Amino acid sequence: MDTEFSIFNIFTLLGGLAFFLYGMNVMSTALEKLTGGKLEKALQKMTSNKIKAILLGMGVTVAIQSSSAMTVMLVGFVNSGIMALEQTVAVCFGSNIGTTFTAWILCLSDIKDTGAGGVLDFVLKMLKPESFSPLVALIGTIMIMFCKKAKKKDIGRILVGFAVLMTGMSLMSESVDPLAKSEDFQKLLTAFNNPVLGVIVGAVFTGIIQSSAGSIGILMAFSTSGALTFNMALPIIMGCNIGTCVTALLSTFGVKKDAKRVAWTHILVKIIGTIILLPIIWIIQNVADLSIMNSTVGYVGIATMHTIFNVATTVMFLPFTNQLVTLSKLVVRDKKDDEVKENKRVIKGLDEILLKTPSVAVQSCFTATSEMASLTKDTIVAALKLLTNYDSDQSAMIIENEDIIDGYEDKINSYLMKITKCSVTGKDSRRVAKMMHCVGNFERISDHAVNLVESAQEMHDKGISFSAECVNEINVISDAICENINKAFGAYLDSDLGLAHKVEPLEEVVDNLSTELKNRHIRRLQNDECTVELGYIFQDILTNLERVSDHCSNIAGCLIETSEKTNIHAYLHDVKENDETFRTEYRAFAEEYFSRLELPVNN
């Protein structure tokens, strides 16, 4: 072989690989954005059943075109507490099968014309990547340049990524065409008759480029030389499956033990599967005289072996998922001093590994804010009950919850700031803005809950209490605020704009109730029906209750502003002045609560 020619041949091969890997990266990143937080929701719902978990792993891997990214996500989910180690095993099996889809896409490059001409040959030629890739790239580029919606731009990036990937595959195939006639290359390939060497080469090369699809693509390109047999290709394919685990292994630095075990379970399946299946195939080949193993392999043959290996390992290990978990615990051992000493609630989902897939990180952060919202809601409702029925245990629980909620705010805000530095879709960007705004309101509400506890505790310690009339007034305004809390927090948790629009009319009712109760209390003080000391406490309680209602209004307003893309101040002014629905709802709430205090309803 001519030395100069072979050097340029290598340059073309490496350039083709670069195009392939870049196209795969662009395509998978855009696919991840499109899937958004649906991945986490699906994983949490479907991992209880092994078959569903396998199908889910397949589906997600096909959707994002990367088994490595899928495994890294699972490591992040386990490390952040969203999933248990046991739940991830079947998902990994499905991911292994799903990653073979890429190899079947690459088989399009091997479509041959019939030579007869006519419509059939035209259709077959159009199915070849070198024919349709330029059109796909053109459509994708137009979408990126001229579409305004982020979703359509992402679809454009997927198309361009696919075209670049296929261009890389064509370059790799072209670069190895001259090798078919090379005696040196033929001699080199004979070394791969040693299956152990094939496994090692496949594993090392895939580990270096961190893409089994890239390795399989190069193997397919080399198969065009006509010198690669099934016998040579199979061990390399097995090695490629082992090497792809390197990405997951690299993601385990600095994570918890169970998260490391996710990656090791993935590795153990591939290694043990290779150790078991390779000798079995060798024995069958020698006993049954499988002549096909010595015949030339092509694109379809490589894709078929890739699929069979991953399906076979899944079938083989599926009944032994518990044993795989146990084996991973032997590889990654617990230490005696690994006991968790922290008693506070663990905040799930805020793991930096998930930032590699920003859409998943956003959904995971929403899960954490939802937990914070639920805890805040329980805390303020418990505090409202203490105003008329003091309980020291409930008082201690509320103070402890407020400390936990403070921790939520710090960690969530820090995580949200990291997300803002990632590439996120417009929709996810609005979700981040909504969470940043609402998290602060949740924390303020918990502060007011503690203030209410302090007022209740002061009365309890001093042995003083409100009159029956005053208690009734507190119960009425507390009930109105409880209803507003349920509407505001329900709107946030369920993304229910219908509920969000009902918060402001009720908040207006609470403001009017507060004003009326303050006036009533002044009259009681003037008539010596209440002490000054109780008067101060009552005023503090009303102020805190009004602030809680204000924060409910802020939460609902933020949801409306980010979802309907409107200015909240202009919106509030408009609905209060011109919206008949607002006035109707205000009158309905006013009639319900004002009647309990024998007050007229003002329009």
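Please read these numbers as outputs of a predicted model, since none were measured by experiment. Just the heavy atoms: all of them, side chains too, but no hydrogens, waters or symmetry mates, feed the values below. Residue numbers start at 1 and run along the sequence shown.
Listed for the Thr88 side chain is no donor-acceptor partner under 3.5 Å among the backbone atoms of Ala84. Looking only at distances, no side-chain donor or acceptor of Ser364 sits under 3.5 Å from a matching main-chain atom of Val360. For the pair Arg157 (side chain) and Val26 (backbone), a donor-acceptor distance under 3.5 Å is absent. Although no hydrogens or angles enter the test, the distance criterion places no donor-acceptor pair under 3.5 Å between the side chain of Thr206 and the main chain of Ala203. A distance-only check finds a donor-acceptor pair linking the side chain of Ser328 to the backbone of Val325 [under 3.5 Å]. Using modelled atom types, one side-chain atom of Asn79 and one backbone atom of Lys256 make a donor-acceptor pair closer than 3.5 Å. At distances below 3.5 Å, at least one donor-acceptor pair connects side-chain atoms of Ser223 with backbone N or O atoms of Met220. With hydrogens and angles ignored, the 3.5 Å screen pairs no side-chain donor or acceptor of Lys50 with any backbone N or O of Ala90.
The shortest non-hydrogen separation linking Lys152 to Met143 is O-CE, 3.3 Å. Contact between Leu106 and Phe20 at its shortest, heavy atoms only, is CD2-CE1, 3.6 Å. Pairing each heavy atom of Thr99 with each of Ser212, the nearest pair is OG1-OG, 3.9 Å. Contact record, Lys418 with Glu352: NZ-OE2, 2.5 Å, taken as the closest heavy-atom pair. Residues Ile267 and Cys245 approach most closely at CG1-CB, 3.3 Å, considering heavy atoms. Heavy-atom minimum distance, Cys365 versus Leu416: SG-CD2, 3.6 Å.
Within a 6.0 Å radius of CZ in Phe19, other residues, nucleotides and ligands contribute 12 heavy atoms or fewer. Environment of CE in Met417: sparse, with no more than 12 heavy atoms of neighbouring residues, nucleotides or ligands closer than 6.0 Å.
With rounding to the nearest 0.5 Å, the separation of NZ in Lys329 from OG1 in Thr265 is 10.0 Å. With values rounded to the nearest 0.5 angstrom, Ile237 atom CD1 is found 11.0 Å from Thr100 atom OG1. We find the CD1-CZ distance between Ile302 and Phe222 to be 11.0 Å, quoted to the nearest 0.5 Å. With rounding to the nearest 0.5 Å, the separation of CD1 in Ile97 from SG in Cys92 is 12.0 Å. The distance from the CE atom of Met436 to the CD1 atom of Ile419 is 8.0 Å, given to the nearest 0.5 Å. Atom-to-atom distance recorded for Ile308:CD1 and Ile281:CD1 is 8.5 Å, nearest 0.5 angstrom.
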Evaluate the criterion side-chain contact (heavy atoms from CB on, under 4.5 Å) for residue pair Ile216 and Thr102; output intermediate values, then yes/no. CA-CA 9 Å; Ile216 295 296; Thr102 308; over 6 Å; no
How far apart are the C-alpha atoms of Leu354 and Tyr415, what are their side-chain angles, what is the distance that settles it, and do they pass the side-chain contact (heavy atoms from CB on, under 4.5 Å) test? CA-CA 11 Å; Leu354 299 180; Tyr415 195 75; 3.6 Å; yes
side-chain contact (heavy atoms from CB on, under 4.5 Å) assessment of Ile242 paired with Thr274: CA-CA 9 Å; Ile242 295 172; Thr274 299; 3.7 Å; yes
Could you please spell out the steps behind the side-chain contact (heavy atoms from CB on, under 4.5 Å) verdict for Val300 and Trp104? CA-CA 7 Å; Val300 173; Trp104 288 106; 4.0 Å; yes
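Side-chain contact, Lys270 with Thr313: no donor N or O sits under 3.5 Å from an acceptor N or O. Side-chain atoms of Asn96 and Asn241 form no donor-acceptor pair, as typed in the model, at a separation below 3.5 Å.
Taking 4.5 Å as the limit, some side-chain heavy atom of Met435 sits within range of a side-chain heavy atom of Val362. Side chains of Met305 and Val297 form a contact here, defined as non-hydrogen atoms less than 4.5 Å apart. Between Phe162 and Met166, some side-chain heavy-atom pair lies under the 4.5 Å cut-off. Using a 4.5 Å cut-off on side-chain heavy atoms (C-beta onward), Val196 and Pro235 make no contact. For the pair Lys257 and Arg333, the minimum side-chain heavy-atom distance is 4.5 Å or more. Proximity of Thr296 to Phe230: side-chain heavy atoms (C-beta onward) are nowhere separated by under 4.5 Å. Annotation: side chain of Ile272 is in contact with side chain of Leu327 (closest heavy-atom distance under 4.5 Å). Side-chain contact between Asn310 and Phe93: absent, with no pair of heavy atoms (C-beta onward) separated by less than 4.5 Å.
Across Val91, Thr314, Val89, a single residue satisfies side-chain contact (heavy atoms from CB on, under 4.5 Å) together with Ile54, and that is Thr314.
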